[in-house]
Q: 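Sharing a structure below in structure tokens format, with a few things to ask.
These numbers were taken from a predicted model, which means no experiment stands behind them. Every chain is numbered from 1 and lettered A, B, ... according to where its sequence line falls, protein lines coming before strand lines.
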There are 2 protein chains.
Amino acid sequence: MFVQPIETTSNQPIVDWRDFAPCAAPLFACAPEVVGTSFNYVRDEEIYGEREDTQFIYKVISGAVRTSKIMRDGRRQIGRFYLPGEFFGLELGKQHNLSAEAVADSKIFLFKRRQIEAMAQRNMEAAREMWLMTADHLRHAEDHLLLLGRKTALERLAAFLIEMDMSHGNCGLFELPMSRRDIADYLGLTLETVSRGFSELQKKQALELDGARHVVLRNRAFLGAMGA
Amino acid sequence: MFVQPIETTSNQPIVDWRDFAPCAAPLFACAPEVVGTSFNYVRDEEIYGEREDTQFIYKVISGAVRTSKIMRDGRRQIGRFYLPGEFFGLELGKQHNLSAEAVADSKIFLFKRRQIEAMAQRNMEAAREMWLMTADHLRHAEDHLLLLGRKTALERLAAFLIEMDMSHGNCGLFELPMSRRDIADYLGLTLETVSRGFSELQKKQALELDGARHVVLRNRAFLGAMGA
DNA sequence: AAAACCATCCGGATTTATACGTAGGGGAAT
DNA sequence: ATTCCCCTACGTATAAATCCGGATGGTTTT
């Protein structure tokens, strides 16, 4: 068992109006009356904390976000990464079950929960869309259970690379916004194993690394089969 | 990495009208017009398969159910156990993401999806309740991610025992409906490690086993702290 | 009833995968 | 240029998986 140091984050309130930016956007095409406000977060800044009351629903505009749980001794599990265009923080309960932090400097839209709830009362289509997103998050979590419970280190890495590639449009070429430690905490490994795994996949001609974070997939079929 | 043999199950259609029982019950108190039909499943019988089209929503009446994913080489991850009173199989998508099997001989209520969908259109309260259940399943899965990714074998067992105790009313005394292998596949361990862990927890005076499946918790505080 | 069978469980020895600790290198930021 | 992270490399440590043998209990067969 290993212990990781916890980075302390500026524990400021979620909504700091100094970050206010005067742009806004509708939540869904089908509910144009619900508009969000944009905020900027710096790398590693907390967006909301575990067990914190739910006030908003969030959408990534640029950058990247991770949701995570941390144990008292520092062990951490990242639930999921969110890239531009994706929603997060839409637990239906009163409190968040995971915390959310910016992986890199990020711009995020915040939508007021009260507005969302009111909309869901009126607009059945929008309510269904919210439910769909929750169900999609559940599906992702269930897939990740198999990865964490039963897959080998290399299989986890392959699955991760394929997932990243998918969310970048399957072009086999992308920039990782997160550190090796983040990847490790997402895949239930140590950062060293992640590093070793990347090296091994390079040796197998499955991918190419240009610097630490620029990835070129060389054998998508191989990676897909390995990540299963 | 280990490989487990897959038990072949009778691949009969989900709905076998020979199992028909003439009892029925409403889905929710708030939607008495939606009634379910009871079916019986024997131990290890498949209720629905991964990637199978979603036709019903299910409620456990007696017995127990597991949902799981299986890899081609036999590695298996159980997503969750469902005990009497709990709903399962309510993915919103067109297809199930996990398969479901009876852990023991079980009686299950089936509710037609078309009825559910129609109800959700009319009854906002019921629609919200469905969404709440999906969100609760998501919360459970997220908690389980931390367990699978970062907890030790003993911590996993402690968390499992506390979870089982909770769903039996926190009385510190219950019967496990599932085998050691099922527990192992739920916790991402081998059945040997599960067995050893139980022995160790007995040595620590944290619990008592009467036979393999009858559990008496002797130190709930200790187990709770360990399972964190 | 006795025997056979089967599934399940337990314990020890061994192996293996992965975590851990330390050291060193490289790139970006100050 | 220097500092500071972050990443990589390698040797070691260890938790858990694997492999073995044997005990137990329930069910079916004779």
Q: Look for any protein N or O under 3.5 Å of an N or O in nucleotides 27-30 of chain C and output each such pair with its distance, or none.
A:
none

Q: Which of these nucleotides, C/dT18, C/dT8, D/dA17, is closest to any side-chain atom of B/Arg43?
A: C/dT8

Q: Parallel, tilted or perpendicular, judged at 30° and 60°: which one describes the rings of B/Phe111 and B/Phe87?
A: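 B/Phe111 and B/Phe87: tilted rings.
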
Q: Regarding B/Lys69 and B/Asp185, does a basic nitrogen lie under 4.0 Å from an acidic carboxylate oxygen?
A: no

Q: Under a 3.5 Å cutoff, is there a donor and acceptor pairing between the side chains of A/His140 and A/Glu163?
A: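 Yes, A/Glu163 and A/His140 have a side-chain donor paired with an acceptor closer than 3.5 Å.
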
Q: Which part of the nucleic acid does A/Gly188 contact within heavy-atom distance under 4.0 Å: base, sugar-phosphate only, or nothing?
A: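 Sugar-phosphate contact only.
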
Q: Starting from P on C/dT18, measure out to CG on A/Leu147 and report it in whole angstrom.
A: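 It is 12 Å, rounded to the nearest whole Å.
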
Q: In whole angstrom, give the distance that lies between atom CD of B/Glu200 and atom P of C/dC10.
A: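 In whole Å, C/dC10 P lies 14 Å from B/Glu200 CD.
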
Q: In terms of the angle between their ring planes, are A/Phe88 and A/Tyr58 parallel, tilted or perpendicular, with boundaries placed at 30° and 60°?
A: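 Ring orientation, 0 to 90° scale: parallel.
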
Q: Measure the distance from CG on B/Asp210 to C1' on C/dC9 and round it to the nearest whole Å.
A: 15 Å

Q: Without decimals, in angstroms, what is the distance between B/Arg150 CZ and D/dA16 P?
A: 13 Å

Q: What I want to check is whether the side chains of B/Asn97 and B/Glu91 have a donor and an acceptor closer together than 3.5 Å.
A: no

Q: What pairs with B/Glu192 under salt bridge (Lys or Arg N to Asp or Glu O under 4.0 Å), at least two apart in sequence or on another chain?
A: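 Not a single residue meets the salt bridge (Lys or Arg N to Asp or Glu O under 4.0 Å) criterion with B/Glu192.
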
Q: Please report the distance, rounded to the nearest Å, between NZ in A/Lys151 and P in C/dA17.
A: 18 Å

Q: Per the side chain to side chain donor-acceptor pair (under 3.5 Å) rule, what does the pair list look like for residues 214-228 of chain B, sequence neighbours excluded?
A: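 Listed by first then second residue: B/Asp165-B/Arg220, B/Glu175-B/His214, B/Glu208-B/Arg218.
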
Q: Tell me whether the rings of A/His96 and A/Tyr48 are parallel (<30°), tilted (30 to 60°) or perpendicular (>60°).
A: parallel

Q: With the criterion being N/O to N/O and under 3.5 Å, what pairs connect the protein with nucleotides 7-9 of chain D, and how long is each?
A:
| residue | atom | partner | partner atom | Å |
| --- | --- | --- | --- | --- |
| D/dC7 | OP1 | A/Arg180 | N | 3.1 |
| D/dC7 | OP2 | A/Arg180 | N | 3.3 |
| D/dT8 | OP1 | A/Arg180 | NH2 | 3.3 |
| D/dT8 | OP2 | A/Arg180 | NE | 3.0 |
| D/dT8 | OP2 | A/Ser195 | OG | 2.4 |
| D/dT8 | O5' | A/Ser195 | OG | 3.0 |
| D/dA9 | OP2 | A/Ser199 | OG | 3.1 |

Q: Whole angstroms only, please: what is the CG-P distance between A/Asp185 and C/dA19?
A: 11 Å

Q: Begin from the C-alpha positions of A/Phe39 and A/Lys107 and carry the test side-chain contact (heavy atoms from CB on, under 4.5 Å) through to its verdict.
A: CA-CA 6 Å; A/Phe39 286 88; A/Lys107 174 177 285 194; over 6 Å; no

Q: I'd like to know whether CZ of B/Arg213 has more than 12 heavy-atom contacts from other residues, nucleotides or ligands below 6.0 angstrom.
A: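 Counting neighbours around CZ of B/Arg213, more than 12 heavy atoms of other residues, nucleotides or ligands fall under 6.0 Å, so yes.
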
Q: Taking only nitrogen or oxygen atoms into account, show me every contact under 3.5 Å that the protein makes with nucleotides 25-27 of chain D, one pair per line with its distance.
A:
none

Q: Who are the salt bridge (Lys or Arg N to Asp or Glu O under 4.0 Å) partners of A/Arg180, not counting sequence neighbours?
A: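 For A/Arg180 there are no salt bridge (Lys or Arg N to Asp or Glu O under 4.0 Å) partners, ignoring immediate neighbours.
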
Q: Nearest whole angstrom, please: distance from the C1' of D/dA15 to the CZ of A/Arg75.
A: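 Taking CZ of A/Arg75 and C1' of D/dA15, I get 13 Å after rounding.
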
Q: Tell me the interatomic distance from B/Leu187, atom CG, to D/dA15, atom P, rounded to whole angstroms.
A: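 It is 19 Å, rounded to the nearest whole Å.
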
